[in-house]
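Structure record follows, encoded as structure tokens.
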Amino acid sequence: MNTLNRVLIFGATSAIAEQTARQLVAQGASLYCVGRNRDKLMAIIGDLRARASSQQYIDGCVADLTDSAQHPNLIDAADHQLGGIDGVLIAHGTLPDQKACQADTSLTRQEIEANALSVINLLTLLANRFEQQQRGVIAVISSVAGDRGRQSNYIYGAAKGMVTLFLQGLRNRLAKANVNIVTIKPGFVDTPMTAAFDKGGPLWTAPEHIAKGIIKAMEHGKDEVYLPWFWWGIMLIIKHIPERIFKRMSL
Ligand SMILES: NC(=O)c1ccc[n+]([C@@H]2O[C@H](COP(=O)([O-])OP(=O)(O)OC[C@H]3O[C@@H](n4cnc5c(N)ncnc54)[C@H](OP(=O)(O)O)[C@@H]3O)[C@@H](O)[C@H]2O)c1
């Protein structure tokens, strides 16, 4: 069982990350929160401090995570301020406009940078540090979209799929170093990212519920979790549809 006393959160302004942070604070954790939007981040840090005890350290800093040159300093700052890191959650991401990406290669590259390369850069630095300390847990929010490419969102899916595969390799490498690598695969979650979607219905979940699943998976050192669990079954079916049939479907 991993203890999550000192946690570093990337993409802390995400609705899922914010709910995870609240639940971690309620459990007594200290947090270092990295987010891009200054006003939103400061409001979240203020709210978390109001929920924390005087023994808990809650702070963070503003950063655009596609600026990979900043990554080493962000990790060092968190390590220094928290006095060590037990767990990391990487939550940032963007939902690309698929049609716009199809017409613009630079936009496609930006989306791959935001959703995959920035995450891989952070993971490479964190993995080396955690391998040395021989303990800890690193969780990343990937997506069910990374399990199979679909015409409606294959730029996002390809980026998340890259992260999922990278995490599989990292998990394999770090298993002997006592470091847990957790892949979080949510389905449809009601957050600002999905604001343009028609919500409602049994497949939609609140971010609080996903947050609970993330913490449980990190504490128990799970490998890959679908949240909610029933997405495991849905994606099992989707992954097994033969390609000659799948390519004619509109999903
Ligand atoms: N919602 C879903 O249905 C769903 C499903 C599966 C997976 N996910 C994944 O869950 C994670 C959290 O998303 P969410 O649903 O909570 O949506 P959200 O509230 O829109 O959060 C996305 C966050 O990513 C941050 N971000 C984007 N690019 C960034 C950058 N370059 N540097 C720093 N931060 C950046 C955004 O910051 P700003 O506030 O500055 O824009 C925003 O806070 C994402 O990885 C997403 O892909 C979501």
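Atoms within a ligand are numbered from 1 in the order they appear, just like the ligands themselves. Atom set for the values below is all heavy atoms of this structure, side chains included, hydrogens, waters and symmetry mates excluded.
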Looking at Ala91, Pro192, Ser14, Gly93, the heavy atom closest to atom 24 (O) of ligand 1 belongs to Gly93
Which residue owns the protein heavy atom closest to atom 13 (O) of ligand 1, what's the atom, and how far is it?
-> Met193 CE, 3.9 Å
So which heavy atom in the protein is nearest atom 39 (O) of ligand 1, and how far is it from that ligand atom?
-> Lys40 NZ, 3.0 Å
Of all the non-hydrogen atoms in the protein, which one sits nearest to atom 41 (O) of ligand 1, and at what distance?
-> Arg36 NH2, 3.0 Å
Can you tell me which residue and heavy atom of the protein come closest to atom 35 (C) of ligand 1, and the distance to 0.1 Å?
-> His92 CB, 3.7 Å
Please work out which of the three classes, parallel, tilted or perpendicular, describes the rings of Tyr32 and Tyr57, given edges at 30° and 60°.
-> parallel
Joint cluster assignment, Ile141 & Val163, ILVMFWY side-chain distance < 4.5 Å | no
Presence of salt bridge, Arg49 and Asp59, under 4.0 angstrom | yes
Just distances here: any N/O of Ala17 and N/O of ligand 1 closer than 3.5 Å?
-> no
Closest to atom 10 (O) of ligand 1 among Ile141, Asp39, Val119 (heavy-atom distance) | Ile141
Atom 32 (N) of ligand 1 sits nearest the protein heavy atom Leu65 N, 2.8 Å
Same apolar cluster: Met193 and Ile16, side chain cutoff 4.5 Å | no
Beyond-backbone contact of Leu174 with Glu131, side-chain heavy atoms, under 4.5 angstrom | yes
Hey, is the main chain of Lys160 close enough, under 3.5 Å, to the side chain of Ser142 for a donor-acceptor pair?
-> yes
Atom indices of ligand 1 within 4.0 angstrom of Thr66 heavy atoms, with elements | 31 (N)
Pairwise side-chain contact, Ile238 with Val144, heavy-atom cut-off 4.5 Å (strictly under) | no
With a 4.0 Å cut-off on heavy atoms, is Lys160 touching ligand 1?
-> yes
Name the closest protein heavy atom to atom 14 (P) of ligand 1, giving the residue it belongs to and the distance to 0.1 Å.
-> Thr191 OG1, 3.5 Å
Any ion pair linking Arg22 and Glu18 (charged N to carboxylate O, less than 4.0 Å)?
-> yes
Less than 3.5 Å between some nitrogen or oxygen of Asp64 and one of ligand 1, yes or no?
-> yes
Run the numbers for me: atoms of ligand 1, each under 4.0 Å from some heavy atom of Thr194, listed by number.
-> 1 (N), 2 (C), 3 (O)
For ligand 1, which atoms have a heavy atom of Thr94 less than 4.0 angstrom away?
-> 27 (C), 28 (N)
For ligand 1, which atoms, with element, lie under 4.0 Å from some heavy atom of Asn37?
-> 39 (O), 40 (O)
Test side-chain contact (heavy atoms from CB on, under 4.5 Å) on Thr183 and Val140 and set out the steps.
-> CA-CA 5 Å; Thr183 308; Val140 182; over 6 Å; no
Atoms in ligand 1 with a heavy atom of Phe188 nearer than 4.0 Å = 3 (O)
Looking at ligand 1, does any of its N/O atoms fall within less than 3.5 Å of an N/O of Ser143?
-> no
Shortest protein heavy-atom distance from atom 8 (N) of ligand 1, along with the residue and atom involved | Tyr156 OH, 3.5 Å
Contact (N/O only, under 3.5 Å) between Thr13 and ligand 1 | yes
Please say whether Gly35 places an N or O atom under 3.5 Å from an N or O atom belonging to ligand 1.
-> no
Atoms of ligand 1 under 4.0 Å from any heavy atom of Pro186, numbered from 1 in the order shown, are 6 (C), 7 (C)
Do Asn115 and Val119 come within less than 4.5 Å of each other through their side chains, counting heavy atoms only?
-> no
In terms of side-chain heavy atoms, does Ser30 have a donor or acceptor partner in Asn5 at a distance below 3.5 Å?
-> no
Basic-acidic side-chain contact under 4.0 Å: Asp67, Arg36 = no
Decide whether Gln98 and Ser152 meet the rule of one side-chain donor and one side-chain acceptor closer than 3.5 Å.
-> no
Going by heavy-atom distance to atom 7 (C) of ligand 1, choose the closest among Ser142, Ala63, Ala12.
-> Ser142
Any side-chain heavy-atom pair of Val179 and Leu170 under 4.5 Å = no
Just distances here: any N/O of Ala15 and N/O of ligand 1 closer than 3.5 Å?
-> yes
Quick one: look up the protein heavy atom nearest atom 5 (C) of ligand 1 and list residue, atom name and how far away it is.
-> Gly187 O, 2.9 Å
